[in-house]
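In what follows, residues are counted from 1 in the order of the sequence shown. Keep in mind the model is a prediction, meaning the values are calculated, not measured.
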Amino acid sequence: MKQECLKQLLRYMVQHPEAMDTIEGIREWWLRDISQTVSDSTLAVAIEELESKGWLVSRNMASSKTLYRINPSKLEEIRELLQAWKDSD
């Protein structure tokens, strides 16, 4: 399920490069098709993995919420990965 979660997150980020959201918003909008099947822990691990690769950046808000968005400098790298995954399916 983590792999599907990662793919869905990356696809959303490429299709909506200006998107910025909280964990709750990511679950509701970015993972709309699979949100009911992704556990909180799977989503947290996926976000951590994307952050560790530098593909997702976070911004802490005064409200103690964290907003996440794509790292624009990694957009082409992410597109290439998604294409590679598509080619291997």
Side-chain angles (χ1 to χ4, degrees):
M1 181 48 65
K2 185 183 90 168
Q3 187 75 6
E4 185 57 35
C5 182
L6 287 169
K7 285 180 181 181
Q8 188 86 8
L9 289 170
L10 292 171
R11 280 188 210 114
Y12 189 91
M13 291 188 316
V14 167
Q15 292 171 354
H16 307 277
E18 299 300 319
M20 182 182 295
D21 230 321
T22 62
I23 293 281
E24 296 82 10
I26 288 171
R27 175 176 292 288
E28 181 176 346
W29 297 104
W30 301 22
L31 298 177
R32 175 175 273 165
D33 298 337
I34 62 170
S35 66
Q36 299 301 315
T37 60
V38 175
S39 69
D40 290 343
S41 61
T42 298
L43 179 54
V45 168
I47 287 174
E48 284 177 26
E49 186 171 326
L50 294 175
E51 277 191 292
S52 73
K53 292 179 183 296
W55 295 345
L56 191 67
V57 293
S58 61
R59 179 176 174 198
N60 294 320
M61 304 302 291
S63 64
S64 75
K65 296 263 185 181
T66 302
L67 293 176
Y68 298 92
R69 68 171 301 185
I70 192 171
N71 180 346
S73 69
K74 300 290 186 174
L75 185 56
E76 191 55 39
E77 184 179 333
I78 294 168
R79 282 189 177 124
E80 289 171 9
L81 174 64
L82 287 171
Q83 186 61 49
W85 280 343
K86 184 178 178 183
D87 291 346
S88 70
D89 286 345

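- The list of salt bridge (charged side-chain N to carboxylate O under 4.0 Å, His left out) pairs with a residue in residues 25-43, not counting sequence neighbours, reads Arg27-Asp40.
- Summarising the geometry, atom CG belonging to Leu9 is positioned 6.0 Å from atom CG belonging to Leu50; distances are rounded to the nearest 0.5 Å.
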Pair Glu18-Arg69, side-chain contact (heavy atoms from CB on, under 4.5 Å): steps then yes or no: CA-CA 7 Å; Glu18 299 300 319; Arg69 68 171 301 185; 3.8 Å; yes
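- Classification of Lys7 and Glu4 as a salt-bridged pair fails, no side-chain N sitting under 4.0 Å from a carboxylate O.
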From CA spacing to verdict: side-chain contact (heavy atoms from CB on, under 4.5 Å), Trp85, Gln3: CA-CA 11 Å; Trp85 280 343; Gln3 187 75 6; 3.3 Å; yes
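- If you take CD1 on Ile23 and CD1 on Ile47, they are separated by 3.0 Å, rounding to the nearest 0.5 Å.
- In terms of hydrophobic clustering, with Ile, Leu, Val, Met, Phe, Trp and Tyr side chains grouped at heavy-atom distances under 4.5 Å, Val57 and Leu10 are assigned to different clusters.
- In this structure, the separation between CH2 on Trp55 and CG on Leu75 is 12.0 Å, given to the nearest 0.5 Å.
- Atoms CD1 and CD1, on Ile70 and Ile78 in that order, are 3.5 Å from each other to the nearest 0.5 Å.
- Here the closest non-hydrogen pair linking Ile34 and Cys5 is CD1-CA, 3.9 Å.
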Full working for side-chain contact (heavy atoms from CB on, under 4.5 Å) between Met61 and Arg59: CA-CA 6 Å; Met61 304 302 291; Arg59 179 176 174 198; 4.1 Å; yes
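- Under the 3.5 Å distance criterion, the side-chain polar atoms of Asn71 are matched with a main-chain donor or acceptor of Gly54.
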Leu82/Arg79 under side-chain contact (heavy atoms from CB on, under 4.5 Å): CA gap, chis, key distance, verdict: CA-CA 5 Å; Leu82 287 171; Arg79 282 189 177 124; 5.8 Å; no
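- Going from atom CE of Met20 over to atom CD1 of Ile26 covers 10.5 Å, rounded to the nearest 0.5 Å.
- No more than 12 heavy atoms of other residues, nucleotides or ligands shown are found within 6.0 angstrom of CD on Gln36.
- Between the NZ atom in Lys53 and the CG atom in Leu81 there is a gap of 8.0 Å [rounded to 0.5 Å].
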Trp30 and Gln8: CA distance, side-chain angles, deciding distance, side-chain hydrogen bond (donor to acceptor under 3.5 Å, both in side chains) verdict: CA-CA 7 Å; Trp30 301 22; Gln8 188 86 8; over 6 Å; no
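- Using a cut-off of 4.0 Å between Lys/Arg side-chain N and Asp/Glu carboxylate O, Lys2 and Glu49 are scored as salt-bridged.
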